[in-house]
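Excluded from the calculations below are hydrogen atoms, water molecules and symmetry mates; all remaining heavy atoms, backbone and side chain alike, are included.
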Amino acid sequence: MDALDLARWQFGITTVYHFIFVPLTIGLAPLVAIMQTIWVRTGDERWLRLTKFFGKLLLINFAIGVATGIVQEFQFGMAWSEYSRFVGDVFGAPLAMEALAAFFVESTFLGLWIFGWDKLPKKIHLACIWAVAIATNLSAYFILAANSWMQHPVGSTYNPETGRAEMTDIGAILSNNTLLAAFPHTISAAFLTAGTFVAAIAAWWMVKLVRAGRADDARSIYRPAVILGVVTMLVSGIGVAVSGDAQAKLMYEQQPMKMSAAEAICQTTEGGAPFSILAIGDLTDSCEGVAHVIEIPGLTSFLAHGDFTTPLPGVENLQAEYEEKFGFTDAGGEPISYQPNLAVTYWSFRLMIGFGVGSAALALVALWVTRKGRVSGSPWVSRLAIVALGTPFLASAFGWIFTEMGRQPWVVAPNPNPSGVDGVWLLTARGVSTVTGPGTILTSLVAFTLLYGVLAVLWYKLMHRYAVEGVADREKDPSPDNPDNQPDPDDPSSADRPLSFAY
């Protein structure tokens, strides 16, 4: 493989890996804040124990997420230096705002929250975790602002003398309609991930305690967490569906090739475009020989336009249109294909939707087995919880694969939309570094893959270890007589309890 292919593989692997941790951190921080708020307002010790339990899992996930995200910045300057040169004036602004205004607040108040349990007043300590939750979501907004500009450039102009995009309006970049559509969809997906995470772990523990003859403990400790997780899943699931529909319609206006590639539509349809559950044939290089089976009539047209009858252009028709507008060949005389990899876009779109069903299944089952104060000891509920736990992570990953791969061959997509700007676009092939050779990229690719493999094992072991420990059997509220919240040696019920919230 040449430098371009290796650089794309490297960035794809590290980005998808990093995004495993991102949605859980974004969604779990507010849920932990809600748990602590309930404890502060009610004094109910159960919510303190749940706060510390899920807070510990949040911190593990946050630490690994930060470590894996730092690599992205180095890749911009090394493997994608031409891209950085072209977009640096624009792309760097929201990233700097994320680092200074969001991540700084996030990390500072997280430290205060970790070490302030027995040193800060309750309400001040509670405010720290809410600051973390707000900053985490603010951080996501700035990151999405940078990515949305790549999908739909606004607030900038192309300078032919420098050959660079230059920012003209930061307000336009931070209010990009692509950003305003992507943010609620991404945040809803993050809350769906976190809600599933909380509900799945709590449901697993609920079943375990019931089968151990401790139904009262299951009902008092873990059932409330299941309910919180399920409510979060239901609300965020609706948010994902509504925001996803709005995002799909805007995406079609701005990147019609992506929508057509998602359905592998070869030629412009005569009527409404159906949505196929399955397609057979070679989707790798062209549409030739592709057959759609098990179709839902008109659904793709509805996703794109809001009706079931509007025709959609085929990728081959759009290819001819883009050739006329942007040229037939690149600087080296090689023909340019303006269509993304159809196999990747077609299947990632369906896997994104399909894996989202896992959360819905867990939510419906959890609502049923916990109705009217009940708890369940059924093993199949426990197994469903473990299986469903990973589905929103996979749905989010395939959603981003579709978003980024569907934009190809553009790293900065051109604008057919009047609200965008003309002349600001960049082919992926022109964004790769011209001085970093394949050997260097391959070496770093292997090194990152091995390092991330080690981090994956470490992350799993830590998350598994603390998840199977469960909440402490008893917690004492920090007080002047017990400032460090340590177990009482004269209290038999606390003899086997782990130390509270130690990191």
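In this structure, a donor-acceptor pair under 3.5 Å is absent between the side chains of Trp410 and Gln151. Side-chain contact, Thr428 with Gln408: a donor N or O sits under 3.5 Å from an acceptor N or O. For the 3.5 Å distance criterion, the side chains of Ser148 and Asn176 fail to qualify, holding no donor opposite an acceptor. Looking at Ser359 and Thr196, their side chains do bring a donor and an acceptor atom within 3.5 Å of each other.
Contact check for Ile26 versus Ile187: side-chain heavy atoms found under the 4.5 Å cut-off. Within the 4.5 Å cutoff, the side chain of Val344 has heavy atoms near those of the Ile401 side chain. Looking at Val381 and Trp204, their side chains never come closer than 4.5 Å, going by heavy atoms from C-beta outward. Looking only at side-chain heavy atoms (C-beta outward), Pro153 and Val412 come within less than 4.5 Å of each other. Counting heavy atoms from C-beta outward, Asp169 and Ile173 have side chains that stay 4.5 Å or more apart. Residues Ser139 and Glu106 form a side-chain contact, since some pair of their non-hydrogen atoms from C-beta on lies under 4.5 Å apart. At a threshold of 4.5 Å between non-hydrogen side-chain atoms, the residues Glu404 and Asn147 count as touching. Between Tyr222 and Thr370 the shortest side-chain heavy-atom distance does not fall below 4.5 Å.
If you take OG1 on Thr186 and CD on Gln247, they are separated by 6.5 Å, rounding to the nearest 0.5 Å. To the nearest 0.5 Å, atoms CD (Gln255) and CE (Met259) are separated by 10.5 Å. Here the CZ-OG1 distance, from Phe349 to Thr403, works out to 10.0 Å after rounding to the nearest 0.5 Å. Atom CD1 of Ile114 is separated from atom CZ of Phe62 by 8.5 Å, given to the nearest 0.5 angstrom. The CG atom of Leu24 lies 5.5 Å from the CE atom of Met463; values are rounded to the nearest 0.5 Å. Note that OG1 of Thr25 and CG of Leu57 are 11.0 Å apart. Values are rounded to the nearest 0.5 Å.
In this structure a side-chain-to-backbone donor-acceptor pair under 3.5 Å is present from Arg164 to Arg85. The closest donor-acceptor contact from the side chain of Thr449 to the backbone of Leu445 lies under 3.5 Å. Judged by distance alone, the side chain of His152 and the main-chain N or O of Thr178 form no donor-acceptor pair under 3.5 Å. Checking side-chain atoms of Ser433 against main-chain N and O of Ala79 turns up no donor-acceptor pair under 3.5 Å. For the pair Arg219 (side chain) and Arg374 (backbone), a donor-acceptor distance under 3.5 Å is absent. Counting only distance, with no hydrogens or angles, the side chain of Tyr17 and the backbone of Tyr452 share a donor-acceptor pair below 3.5 Å. With hydrogens and angles disregarded, no donor-acceptor distance shorter than 3.5 Å links the side chain of Tyr252 to the backbone of Lys258. Side-chain atoms of Ser444 come within 3.5 Å of backbone atoms of Ile441 as a donor-acceptor pair (strictly under, hydrogens ignored). Although no hydrogens or angles enter the test, the distance criterion places a donor-acceptor pair under 3.5 Å between the side chain of Arg350 and the main chain of Ala262. With Thr232 contributing its side chain and Phe191 its backbone, the two residues share no donor-acceptor pair below 3.5 Å.
Under the 6.0 Å distance and 45° angle rule, Lys122 does not count as a cation-pi partner of Trp117. A cation-pi arrangement is absent between Arg49 and Trp47 under the rule of less than 6.0 angstrom and at most 45 degrees off the ring axis.
Around atom CE of Met78, no more than 12 heavy atoms belonging to other residues, nucleotides or ligands sit under 6.0 Å away. More than 12 heavy atoms of other residues, nucleotides or ligands lie within 6.0 Å of CZ in Arg371, so this atom counts as buried by the packing criterion. The environment of CZ in Phe109 is sparse: at most 12 heavy-atom neighbours from other residues, nucleotides or ligands sit within 6.0 Å.
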Determine all donor-acceptor pairs shorter than 3.5 Å in which one atom belongs to a side chain in residues 127-135; sequence neighbours excluded.
residue: Trp130; atom: NE1; partner: Thr37; partner atom: OG1; Å: 2.8

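When ring centroids are compared, Tyr83 and Phe91 come within the 6.0 Å threshold. For Phe21 and Trp459, the distance between ring centers is under 6.0 angstrom.
Across all non-hydrogen atoms, the minimal contact from Thr68 to His18 is OG1-ND1, 3.0 Å. Residue Lys249 comes nearest to Leu303 through the heavy atom pair CG-O, 3.1 Å, listed as atom of the first residue, atom of the second, then distance. Closest approach of Ala397 and Val16 over heavy atoms only: CB-CG1, 4.2 Å.
Salt bridge annotation for Arg8-Asp5: absent, with no cationic side-chain nitrogen under 4.0 angstrom from a carboxylate oxygen.
The aromatic rings of Phe54 and Phe197 sit perpendicular to each other, their planes meeting at more than 60°, with 30° as the lower class boundary. In this structure, Phe76 and Phe11 have tilted ring planes: the angle between them lies in the 30° to 60° band.
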